[in-house]
Peer 1: 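Pasting a structure below so you can have a look.
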2 protein chains.
Amino acid sequence: MSFNQLKLKNQLCHRLYMASNSIVRAYREPLNGLNITYTQYIVMMALWEQDKITIAELLEKTAIDGGAMTQILKKMADKRLLEIIKDEKDKRKRLVQLTKQGQALKLEAVNIPNEIGYKFESIDSEQAVKLRQLLDLVVSDLRV
Amino acid sequence: MSFNQLKLKNQLCHRLYMASNSIVRAYREPLNGLNITYTQYIVMMALWEQDKITIAELLEKTAIDGGAMTQILKKMADKRLLEIIKDEKDKRKRLVQLTKQGQALKLEAVNIPNEIGYKFESIDSEQAVKLRQLLDLVVSDLRV
DNA sequence: ACATATTAATTTGCATGCAAAGTATTTGCA
DNA sequence: TGCAAATACTTTGCATGCAAATTAATATGT
């Protein structure tokens with residue numbers, strides 16, 4: 001009930017806001033080399049893990065907004081990174097499938113996690129695990 | 001160097017992305033009552049803490065994008081939450097000052113941190129402190 | 001003093017995130 | 001069988017985040 005909780009320096013949420021923006025900004029330059037944005041990179045990672053999945057599955061894996069996803073996939077298809085295929089069994093669904101070019105991009109991306117990782121000078125791997133766990137709690141607690 | 005690092009479930013950054021989006025989404029409803037967005041709420045918190053500061057200082061405190069800030073302040077001025085005043089000493093600068101209405105909004109906002117806090121069922125205050133510390137490391141490591 | 005560099009903001013163009021409304025399809029049930 | 005409800009997406013309108021270009025004003029060095 002205290003006004004102290006309204007101070008920015010006490011706010012977990014503002015930290016999260018800053019940290020997330022910082023990360024996206026940090027990825028921008030490495031990803032420029034691949035000609036994709038951070039959000040598109042998330043889509044690629046999901047597809048490198050499991051290809052030819054429905055848009056709904058992609059939304060589930062990536063947690064990207066559905067409305068944005070439509071636009072993003074369209075752009076990525078324009079760039080010939082992937083193709084959007086109709087599911088003949090259920091015509092409501094669409095399958096997303098990487099092109100050869102999209103698959104090949106994985107080789108160019110393999111060092112990006114390290115490029116970013118090197119920047120975390122003051123976070124060792126144990127702390128990274130801890131942070132990941134705590135963030136998972138945040139996400140699951142806020143999940144409706 | 002491993003492809004395993006490209007898996008979404010191993011990615012600290014994707015966690016951060018999801019957590020940050022979750023938080024902003026969680027604030028949306030409580031803030032609807034105050035008729036402000038999360039970003040505008042950050043501006044308000046900064047000004048409740050210290051009023052009549054320059055836009056540059058506000059940018060520093062909030063870590064909001066400068067380009068966005070111009071637009072945001074314009075909207076908030078339209079809503080009569082604050083006023084943008086010219087600094088007579090240095091005509092490049094502008095000062096942001098809360099209106100009575102903007103100051104009064106603090107009373108309506110005082111419970112919002114708790115409303116959000118209650119949602120974190122599985123994070124105790126010790127873990128929250130730890131998370132905050134780790135996020136600060138992320139931000140400082142990524143600071144240019 | 002004067003030209004140049006720097007600082008403070010604004011503007012612009014592009015990429016999302018989000019909620020809400022709209023469009024097909026498919027499911028479920030009476 | 002037939003129709004309402006649920007699904008899977010798409011579209012739309014608004015609010016940012018970010019980089020780059022622009023404008024206005026002040027600080028600096030010679």
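Just so we're on the same page: letters track the sequence lines, and every chain starts at 1. In this text, all values refer to a predicted model and were calculated from it rather than measured experimentally.
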Peer 1: Are the side chain of B/T99 and the backbone of B/R80 linked by a donor-acceptor contact shorter than 3.5 Å?
Peer 2: yes

Peer 1: Specify the residue among A/D65 and A/K89 whose closest nucleotide of DNA chain C lies further upstream toward the 5′ end.
Peer 2: A/D65

Peer 1: Could you state the atom-to-atom distance from OH of B/Y27 to P of C/dA19 in whole Å?
Peer 2: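 To the nearest whole Å, that distance equals 16 Å.
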
Peer 1: Rounding to an integer number of Å, can you tell me how far B/L95 CG sits from C/dA8 C1'?
Peer 2: 12 Å

Peer 1: Other members of the hydrophobic cluster containing A/I85, with the 4.5 Å side-chain heavy-atom rule, please.
Peer 2: A/L95

Peer 1: Using a 4.0 Å heavy-atom cut-off, does A/Y17 contact any base of the nucleic acid, only the sugar-phosphate backbone, or nothing at all?
Peer 2: sugar-phosphate

Peer 1: Under 4.0 angstrom, heavy atoms only, what part of the nucleic acid is A/T70 near: base, sugar-phosphate, or nothing?
Peer 2: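 The residue A/T70 makes base contact.
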
Peer 1: What's the shortest heavy-atom distance between B/L142 and A/A26, and which atoms?
Peer 2: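 In this case the closest contact between B/L142 and A/A26 is CD2-CB, 4.1 Å.
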
Peer 1: From CD1 of B/I72 over to C1' of C/dT10, roughly how many Å is that when rounded to an integer?
Peer 2: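 Computing the B/I72:CD1 to C/dT10:C1' distance gives 14 Å.
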
Peer 1: Show the numbers, then the answer: is there a side chain to side chain contact (heavy atoms under 4.5 Å, CB included) between B/Q103 and B/L47?
Peer 2: CA-CA 9 Å; B/Q103 290 167 15; B/L47 291 172; over 6 Å; no

Peer 1: Could you check A/G66 against B/E88 and say which one's nearest nucleotide on DNA chain D is further toward the 5' end?
Peer 2: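 The 5'-side residue here is A/G66.
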
Peer 1: Hey, where on DNA chain D does chain B first and last touch, going 5' to 3'? Cut-off is any atom under 4.0 Å from a heavy atom.
Peer 2: D/dA15 to D/dT26

Peer 1: Applying a 4.0 Å non-hydrogen cut-off, can you work out what A/K74 is touching in the nucleic acid: base, sugar-phosphate, or nothing?
Peer 2: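 Touches sugar-phosphate only.
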
Peer 1: Under a 4.0 Å N-O cut-off, is there an ion pair linking B/R15 with A/D136?
Peer 2: yes

Peer 1: Would you say the side-chain atoms of A/D124 pair up with the backbone N or O of A/Q127, donor to acceptor, closer than 3.5 Å?
Peer 2: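 Yes.
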
Peer 1: Between B/D90 and B/R92, is the closest basic N to carboxylate O distance under 4.0 Å?
Peer 2: yes

Peer 1: Mapping A/R92 and B/K75 to their closest nucleotides on DNA chain D, which lands nearer the 5' end?
Peer 2: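 So the residue in question is A/R92.
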
Peer 1: Starting at atom CZ of B/R25, determine the distance to atom P of C/dA20, rounded to an integer number of angstrom.
Peer 2: 13 Å

Peer 1: By the 4.0 Å heavy-atom rule, please label A/Q40 as base, sugar-phosphate, or nothing.
Peer 2: sugar-phosphate

Peer 1: Now, which nucleotide makes the Watson-Crick or G-U wobble pair with D/dA27, with each of the two distances under 3.5 Å?
Peer 2: C/dT4

Peer 1: Under 4.0 Å, heavy atoms only, any strand: does A/L59 hit a base, just the sugar-phosphate, or nothing?
Peer 2: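 A/L59: no heavy atom of the nucleic acid under 4.0 Å.
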
Peer 1: Calculate the interatomic distance between B/D90 atom CG and C/dT7 atom P; express it in whole Å.
Peer 2: 12 Å

